[in-house]
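Computed from a predicted model, the values in this text were never measured in an experiment.
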Amino acid sequence: MTYKSYWIYDDDDFFEKYNQKRSIGDAPNEVIEQPIIDELLGDISAKKILDLGCGDGSYGVVLLKRGAKYYHGIEGSQKMARLAKKNLKGYPSEIQSGDIEEVAYPPARYDIVIARLVLHYVYDLASILKKIKGCLKKEGRCIFSVEHPLITSCYQSYDAQTKRTNWMVDHYFDTGERTHKWLGKKVVKYHKTIEDYWQIINNLNLEIVALRESKPKRSFFKNEDEYNRRNRIPLYLIVSLKKNQP
């Protein structure tokens with residue numbers, strides 16, 4: 001049986017711990033990753049957006065308030081999908097419950113596809129990027145973020161029970177499954193090198209418009225020590241792609 005990361009979000013204990021952690025408001029995906037995604041998206045007025053692994057749909061609300069015409073979120077976790085439907089009630093949106101690797105993608109429908117911190121859970125990245133390309137309109141864009149390969153390369157030697165103060169990069173070129181514990185649960189991600197990401201994207205004839213390594217900005221941090229800690233190593237790899245060919 002293939003491991004699916006979204007299963008853990010349907011565990012009551014994990015779901016509660018996750019929401020408690022996010023409610024603090026200073027998670028790195030909020031103070032580092034999302035500002036970069038926002039910047040890369042730019043003007044989204046009247047755009048149709050597909051969000052893969054949309055979670056609770058809160059970012060969909062943000063996008064629609066920024067002028068997006070329509071928001072379609074796909075989420076594997078039943079708990080998260082229900083919460084997303086609740087959060088987006090009354091907005092021009094659709095929340096689809098399903099596995100992003102298995103659902104059908106309508107051809108040439110979306111202006112933008114976003115995938116925030118979900119594709120590192122996908123074993124066959126080439127297949128899903130091919131689906132993304134097919135559902136984009138001509139010159140449509142895809143913006144995705146994944147844990148930086150320097151992070152996924154060091155999971156074998158780290159159990160995430162305390163705040164990390166060192167990063168042991170090891171077996172960097174041994175790509176594939178990496179397992180660690182997060183909030184007390186087993187999590188499986190698929191480590192790829194930056195070269196791997198480039199090769200997959202290039203083989204699909206997608207244009208890389210921007211590549212960011214999540215350099216923090218001081219203005220987003222309340223705590224100086226946390227800002228300095230986050231400057232030690234890149235947490236995320238964030239890529240903006242453009243579809244140029246049918």
Would you say the side chain of Asn29 lies within less than 4.5 Å of the side chain of Gln34, judging by non-hydrogen atoms? no
Which heavy atom in Gly98 sits nearest to a heavy atom in Ile74, and how many Å separate them? O-CG2, 3.6 Å
If two hydrophobic side chains count as joined below 4.5 Å and joins carry through other members, does Ile114 share a cluster with Tyr70? no
Can you check whether Lys186 reaches Thr179 side chain to side chain, under 4.5 Å on heavy atoms? yes
If only atom types and distance count, is the side chain of Tyr105 paired as donor or acceptor with the main-chain N or O of Ile100 below 3.5 Å? yes
Measure the NZ-OG distance between Lys85 and Ser97 for me, rounded to the nearest 0.5 Å. 6.0 Å
Donor-acceptor check, side chain of Glu139 to backbone of Asn244, threshold 3.5 angstrom: yes or no? no
Give the C-alpha distance, both sets of side-chain angles, the deciding distance and a yes or no for side chain to side chain contact (heavy atoms under 4.5 Å, CB included) between Asn231 and Lys215. CA-CA 7 Å; Asn231 259 299; Lys215 180 178 173 60; 3.9 Å; yes
Heavy-atom closest pair (Ala68 atom, Ile49 atom, distance to 0.1 Å) is CB-CD1, 3.8 Å
For Cys54 and Tyr71: C-alpha separation, side-chain torsions, deciding distance, then whether side chain to side chain contact (heavy atoms under 4.5 Å, CB included) applies. CA-CA 10 Å; Cys54 67; Tyr71 174 84; 3.2 Å; yes
Within the distance-only criterion (no hydrogens, no angle test), does the side chain of His191 pair as donor or acceptor with the backbone N or O of Tyr172 below 3.5 angstrom? yes
Side chain of Ser214, backbone of Tyr236: donor and acceptor closer than 3.5 Å? yes
Gap separating the CD1 atom of Ile112 from the CG atom of Leu136, nearest 0.5 angstrom: 9.0 Å
Tell me whether Ile200 is reachable from Val209 by hopping between hydrophobic residues (I, L, V, M, F, W, Y) whose side-chain heavy atoms are closer than 4.5 Å. no
Going by atom types alone, do Asp51 and Tyr59 pair a side-chain donor with an acceptor below 3.5 Å? no
From CA spacing to verdict: side chain to side chain contact (heavy atoms under 4.5 Å, CB included), Val239, Ile143: CA-CA 6 Å; Val239 184; Ile143 299 172; over 6 Å; no
Is it true that Glu207 and Lys243 have a side-chain N and a carboxylate O under 4.0 angstrom from each other? no
In chain order, what residues pass the ring pair (Phe, Tyr, Trp, His ring centres under 6.0 Å) check against His72, with sequence neighbours excluded? Tyr110
Which atom of Val113 lies closest to which atom of Cys135, heavy atoms considered: CG2-SG, 3.8 Å
How about Ser145 and Glu33: does a side-chain donor come under 3.5 Å of a side-chain acceptor? yes
Minimal non-hydrogen separation, Tyr197 against Val146, with atom names: OH-CG2, 3.5 Å
Can you measure from SG (Cys154) to NE2 (His171) and round to the nearest 0.5 angstrom? 12.0 Å
Check for a donor-acceptor pair, side chain of Ser93 on one end and backbone N or O of Tyr91 on the other, with a separation under 3.5 Å. yes
Only one of Asp196, Leu125, Leu206 passes side-chain contact (heavy atoms from CB on, under 4.5 Å) with Ile201; say which it is. Leu206
In chain order, what residues pass the ring pair (Phe, Tyr, Trp, His ring centres under 6.0 Å) check against Tyr123, with sequence neighbours excluded? Tyr190
For the residue pair Leu150 and Val169, what are the closest heavy atoms and their distance? O-CG2, 3.8 Å
Does atom NZ of Lys192 have more than 12 heavy-atom neighbours, drawn from other residues, nucleotides or ligands, at distances under 6.0 Å? yes
When you look at NZ of Lys130, are more than 12 heavy atoms from neighbouring residues, nucleotides or ligands closer to it than 6.0 Å? no
Output the distance between atom CG (Leu235) and atom NE2 (His148), rounded to the nearest 0.5 Å. 9.5 Å
Can you tell me how far the CZ atom of Arg141 sits from the CD1 atom of Ile44, to the nearest 0.5 Å? 9.0 Å
Lys189 side chain reached by Glu177 side chain, heavy atoms, under 4.5 Å: no
Please assess Lys131 against Glu101 for the test salt bridge (Lys or Arg N to Asp or Glu O under 4.0 Å), listing each intermediate value before the final yes or no. CA-CA 9 Å; Lys131 290 182 177 182; Glu101 297 179 79; over 6 Å; no
Should the heavy atoms of other residues, nucleotides or ligands under 6.0 Å from CD of Glu195 be counted, would the total exceed 12? no
In short, Ala115 meets Val118 closest at the heavy-atom pair CB-CG1, 3.7 Å
Which is it for Arg218 and Glu224 under the salt bridge (Lys or Arg N to Asp or Glu O under 4.0 Å) test, yes or no, and what are the steps along the way? CA-CA 8 Å; Arg218 178 65 184 88; Glu224 182 75 21; 2.6 Å; yes
Is there a side-chain contact between Ile194 and Glu213 in this structure, where contact means two heavy atoms from C-beta onward sitting under 4.5 Å apart? yes
Is there a side chain to side chain contact (heavy atoms under 4.5 Å, CB included) between Ile238 and Phe144? Walk through the geometry before answering. CA-CA 6 Å; Ile238 305 171; Phe144 73 84; over 6 Å; no
Check: Asn87 side chain, Asp56 main-chain N or O, donor-acceptor pair, under 3.5 Å: yes
Determine, for Lys69 against Asp111, whether the closest basic-nitrogen to carboxylate-oxygen distance falls under 4.0 angstrom. no
Holding to ring pair (Phe, Tyr, Trp, His ring centres under 6.0 Å), I want the full list of residues that pass it with Phe221, two or more places apart in sequence or in another chain. Tyr227
Quick check: does any side chain N or O of Arg230 sit under 3.5 Å from a backbone N or O of Pro28, one acting as donor and the other as acceptor? no
pair Leu241-Leu204: side-chain heavy atoms closer than 4.5 Å: no
Would Leu129 end up clustered with Ile208 when hydrophobic side chains under 4.5 Å apart are linked, directly or stepwise? yes
How long is the span from the CG atom in Leu50 to the CD atom in Glu94, to the nearest 0.5 Å? 9.5 Å
Give the intermediate values and the outcome of salt bridge (Lys or Arg N to Asp or Glu O under 4.0 Å) for residues Arg66 and Asp38. CA-CA 10 Å; Arg66 281 179 56 186; Asp38 288 339; 3.3 Å; yes
